[in-house]
Q: 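Dropping a structure here in structure tokens format, bear with me for questions.
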Amino acid sequence: MATEKTAFELAMKEVVLIKPSKPTPSSILPLSTLDHTPSFNTLCHTLHVYRSKVDDHDEPSCPNHQLLHPADVIKAALSKALFYYYPLAGRLVDHTDGKLVINCNAKGVPFLEANATCKLSSLHYWDGTDMESAKNLVYDLPSEDESGHQYPLVFKVTNFPCGGFTVGMGLLHSVCDGVGACQFFKAIMEFARGKTEPSVKPVWERDRLKGSITKNPLQIDFLDDASAAVSPFLPTEVLMHQCIKVDSESIKRLKMSLMKESGENENFTTFESLAAYVWRSKSRALKLNYDGKVKLNITVGVRRHLQDPLPEGYYGNVVVDADVILTMRELNERPLHEIVKLIKESKKVSSNSDYVRNFMNTLETELNNFKAEASGAFTALTDWRHLKFFENVNFGVKEISNVVPMPSDMFGCVDLCIFSALGNFDSSMEGGVGIFVSLPAPALLTFKEEMDALTLLI
């Protein structure tokens with residue numbers, strides 16, 4: 001069912017730089033080998049949607065609206081959090097050895113405030129049906145300072161007349177992964193609630209995940225233009241963006257169908273089952289040619305699989321890649337349970353501590369040889385369901401109602417697909433999964449039909 005879009009206008013204020021609340025060390029900090037994964041050198045945005053508890057009562061004159069100005073509270077909380085996370089107030093620069101480092105100069109985090117003209121409820125709290133307008137609520141100004149150095153962190157807070165607001169947080173993926181981003185955001189909200197220090201103290205120590213030069217690097221296959229499958233819809237400058245919602249009953253039916261198809265009483269996880277189904281559905285929707293190759297790339301968190309455990313509070317990248325490569329004909333014609341097993345096996349191999357070490361060594365040795373994948377034939381899938389963006393982040397009369405993933409390339413790339421948890425705002429979707437995709441219009445229509453077919457499984 002199509003959701004009617006609500007037009008809204010934003011009045012922008014001047015960008016200000018938020019600096020740590022107290023003096024911090026001035027130093028140059030290295031990044032880890034995993035931080036140097038080439039695709040990570042980009043801002044990843046999350047949109048945190050807060051509604052006022054009085055909004056449901058439609059009382060815009062309620063005194064509670066005047067208790068605290070959200071932007072001022074978050075500015076102060078961010079400043080306090082930056083005292084602990086002071087590298088985020090610096091700048092990402094190129095070191096003489098060609099690697100990226102953080103210059104901890106405390107120059108501050110760009111912070112943009114805006115005022116909207118409509119209620120959050122009229123926008124359905126950005127439940128995924130109008131992803132295009134959500135772009136307006138994240139920091140979309142230049143991500144570099146006047147010297148051409150990248151900001152590790154940017155913020156945008158938008159106030160709504162109903163008393164609700166949104167927080168658009170953009171974090172450089174080279175500096176932290178999703179777990180680290182959650183840890184940092186939680187610290188900000190703890191200060192917003194009046195705490196005097198974060199419950200988890202941040203740890204840098206990026207040398208813990210430093211690879212070594214190796215003579216036996218892993219053989220990593222990249223899709224080039226010659227071998228990759230192609231789509232009649234690509235290239236294009238016009239993409240549609242949407243969150244496809246899959247309820248828990250549809251997921252249950254998919255798993256039962258896979259068990260029946262395989263003839264085995266095998267455990268098929270939600271992620272592995274949906275990953276196979278979504279990869280095939282997306283590739284079909286793009287009408288990729290049968291003789292070309294397609295690749296599924298999965299981001300695998302490996303914090304629990306390291307030989308030397310990381311200290312609590314480490315907020316750098318602790319993820320590696322798991323890949324599956326097939327021809328489009330194989331992906332389309334092989335039984336789906338076989339695709340699921342390939343995904344399961346790839347994840348299992350990537351979660352091995354020896355593989356993690358070999359992956360880091362390979363990245364350290366062949367960083368310049370990591371290539372961009374052929375767009376369309378490549379699908380990068382990441383699972384945000386385990387991230388704790390909803391936990392302990394309310395304050396005052398404001399409560400979190402939604403978190404929307406919006407990596408910077410989400411709106412210009414067909415390759416990225418994100419799984420997100422549902423049910424925080426809509427109880428009927430408890431246990432369901434939101435699938436964020438960007439596709440050409442005709443491909444998106446076909447993809448939605450493929451996803452709707454889940455409801456017909458017996």
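Just so you know, these numbers use all the heavy atoms, side chains as well, and skip hydrogens, waters and symmetry mates.
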Q: With heavy-atom distances below 4.5 Å as the criterion, would you say the side chains of Phe271 and Arg385 are in contact?
A: yes
Q: By salt bridge (charged side-chain N to carboxylate O under 4.0 Å, His left out), which residues pair with Asp247, not counting sequence neighbours?
A: none
Q: Does Ser273 reach the main-chain N or O of Thr270 with its side chain, forming a donor-acceptor pair under 3.5 Å?
A: no
Q: Distance-only, no hydrogens or angles: does the Asp415 side chain make a donor-acceptor pair with backbone N or O of Ser375 under 3.5 Å?
A: no
Q: Determine whether the aromatic ring centres of residues Phe370 and Phe222 are separated by less than 6.0 angstrom.
A: yes
Q: Answer yes if the side chains of Glu9 and Thr117 hold a donor-acceptor pair under 3.5 Å, and no otherwise.
A: no
Q: Verify, without hydrogens or angle tests, whether Ser79 (side chain) and Lys19 (backbone) share a donor-acceptor contact under 3.5 angstrom.
A: yes
Q: Is Met451 close to Lys282 at the side-chain level, that is, under 4.5 Å between some pair of heavy atoms?
A: no
Q: Taking atom CZ of Phe419 and atom CD1 of Ile244, what is their separation to the nearest 0.5 Å?
A: 12.0 Å
Q: Does the Thr33 side chain pair with the main chain of Met360, one donor and one acceptor, at a distance under 3.5 Å?
A: no
Q: Checking the side chain of Thr214 only, and the main-chain atoms of Asn216 only, is there a donor and an acceptor separated by less than 3.5 Å?
A: yes
Q: With a 4.5 Å limit on heavy-atom distance, are the side chains of His36 and Leu31 in contact?
A: yes
Q: Which heavy atom of Gly108 sits nearest a heavy atom of Leu17, and at what distance?
A: O-CD2, 4.0 Å
Q: With a cut-off of 6.0 Å (strictly less than), are more than 12 heavy atoms of other residues, nucleotides or ligands near CG of Asp97?
A: yes
Q: With side chains defined as the heavy atoms from C-beta onward, is the minimum distance between Gln307 and Asp354 less than 4.5 Å?
A: yes
Q: Pairing donors with acceptors under 3.5 angstrom, does anything connect the side chains of Ser353 and His305?
A: no
Q: Can you give me the closest heavy-atom contact between Ala89 and Val109, atom names plus distance?
A: CA-CG2, 4.1 Å
Q: Do you know which two heavy atoms are closest between Cys243 and Gly434, and how far apart they sit?
A: SG-CA, 3.7 Å
Q: Over 60° means perpendicular and under 30° means parallel, so tell me whether Phe155 and Phe184 are parallel, tilted or perpendicular.
A: perpendicular
Q: Looking at Val404, is its backbone amide N or carbonyl O close enough to the side chain of Trp384 to form a donor-acceptor pair, meaning the two atoms are under 3.5 Å apart?
A: no
Q: Rounded at 0.5 Å granularity, tell me how far CD in Glu364 sits from CG in Leu209.
A: 11.5 Å
Q: Using every non-hydrogen atom in the two residues, find where Val324 and Ser346 come nearest and quote the distance to one decimal.
A: CG2-CB, 4.0 Å
Q: Got a second to check how far Ser350's OG is from Asn358's CG, nearest 0.5 Å?
A: 11.5 Å
Q: With distance as the sole test, does Arg208 use its side chain to make a donor-acceptor pair with the main-chain N or O of Ser32 at under 3.5 Å?
A: no
Q: Run the side-chain contact (heavy atoms from CB on, under 4.5 Å) test on Val340 and Leu342 for me, step by step, so that the C-alpha distance in whole Å, both residues' side-chain angles and the decisive distance to 0.1 Å come before the verdict.
A: CA-CA 5 Å; Val340 176; Leu342 290 175; over 6 Å; no
Q: Does Val437 reach the side chain of Leu444, with side-chain heavy atoms less than 4.5 Å apart?
A: yes
Q: What do the steps show when you test Ile343 against Ile298 for side-chain contact (heavy atoms from CB on, under 4.5 Å), and what is the final call?
A: CA-CA 9 Å; Ile343 293 172; Ile298 299 169; 3.5 Å; yes
Q: Given 3.5 Å as the limit, does a donor-acceptor pair link the side chain of Asn297 with the main chain of Phe378, or not?
A: no
Q: So Arg357 and Asn361, do their side chains get closer than 4.5 Å, heavy atoms only?
A: yes
Q: Between the side chain of Thr236 and the main-chain N/O of Val238, is any donor-acceptor distance below 3.5 Å?
A: yes
Q: Supply the atom-to-atom distance Gln183 CD to Cys176 SG, rounded to the nearest 0.5 angstrom.
A: 9.0 Å
Q: Going by an N to O cut-off under 4.0 Å, is there a salt bridge joining Asp145 and Arg91?
A: yes
Q: What residues, two or more places apart in sequence or in another chain, satisfy salt bridge (charged side-chain N to carboxylate O under 4.0 Å, His left out) together with Lys347?
A: Glu272
Q: Please report the interatomic distance CD1(Ile74) to CZ(Phe111), rounded to the nearest 0.5 Å.
A: 6.0 Å
Q: For the residue pair Phe40 and His173, does the interplanar ring angle fall in the parallel (under 30°), tilted (30 to 60°) or perpendicular (over 60°) class?
A: parallel
Q: Between Thr158 and Val167, is the side-chain contact (heavy atoms from CB on, under 4.5 Å) condition met? List the steps.
A: CA-CA 7 Å; Thr158 303; Val167 178; over 6 Å; no
Q: Kindly say whether the aromatic ring centers of Tyr315 and Tyr85 come within a distance under 6.0 Å.
A: yes
Q: With no hydrogens and no angle check, do the side chains of Glu190 and Ser199 hold a donor and an acceptor under 3.5 Å apart?
A: yes
Q: Within the 4.5 Å heavy-atom criterion, are Thr365 and Thr362 side-chain neighbours or not?
A: no
Q: With a 4.5 Å limit on heavy-atom distance, are the side chains of Leu153 and Leu82 in contact?
A: yes
Q: Applying salt bridge (charged side-chain N to carboxylate O under 4.0 Å, His left out), can you list everything that pairs with Lys448, at least two apart in sequence or on another chain?
A: none
Q: Are Leu439 and Met240 close enough, and set up right, to give a side-chain contact (heavy atoms from CB on, under 4.5 Å), and what steps lead you there?
A: CA-CA 5 Å; Leu439 290 168; Met240 305 296 291; over 6 Å; no
Q: Got more than 12 heavy atoms from elsewhere within 6.0 Å of NZ, Lys252?
A: no
Q: Looking only at heavy atoms, which two atoms of Ser52 and Cys162 are closest? And how far apart?
A: CB-O, 3.9 Å
Q: Are Glu205 and Lys210 close enough for a salt bridge, meaning some N to O gap below 4.0 Å?
A: no
Q: State whether Asp323 and Lys295 are salt-bridged, where the test is any N-O pair (Lys NZ or Arg NE/NH1/NH2 against Asp/Glu carboxylate O) under 4.0 Å.
A: yes
Q: Is the centre of the Phe160 ring less than 6.0 Å from the centre of the Phe165 ring?
A: no
Q: What heavy-atom pair brings Cys417 and Ile435 nearest, and what distance separates the two atoms?
A: SG-CG2, 3.6 Å
Q: When rounded to the nearest 0.5 angstrom, what is the spacing between CG in Asp35 and CG in Leu92?
A: 10.0 Å
Q: With a 6.0 Å cut-off on the ring centroids, do Tyr139 and His45 count as close?
A: no
Q: Quick one: is the NZ or CZ of Lys22 closer than 6.0 Å to the six-membered ring centre of Phe83, and within 45° of its axis?
A: yes
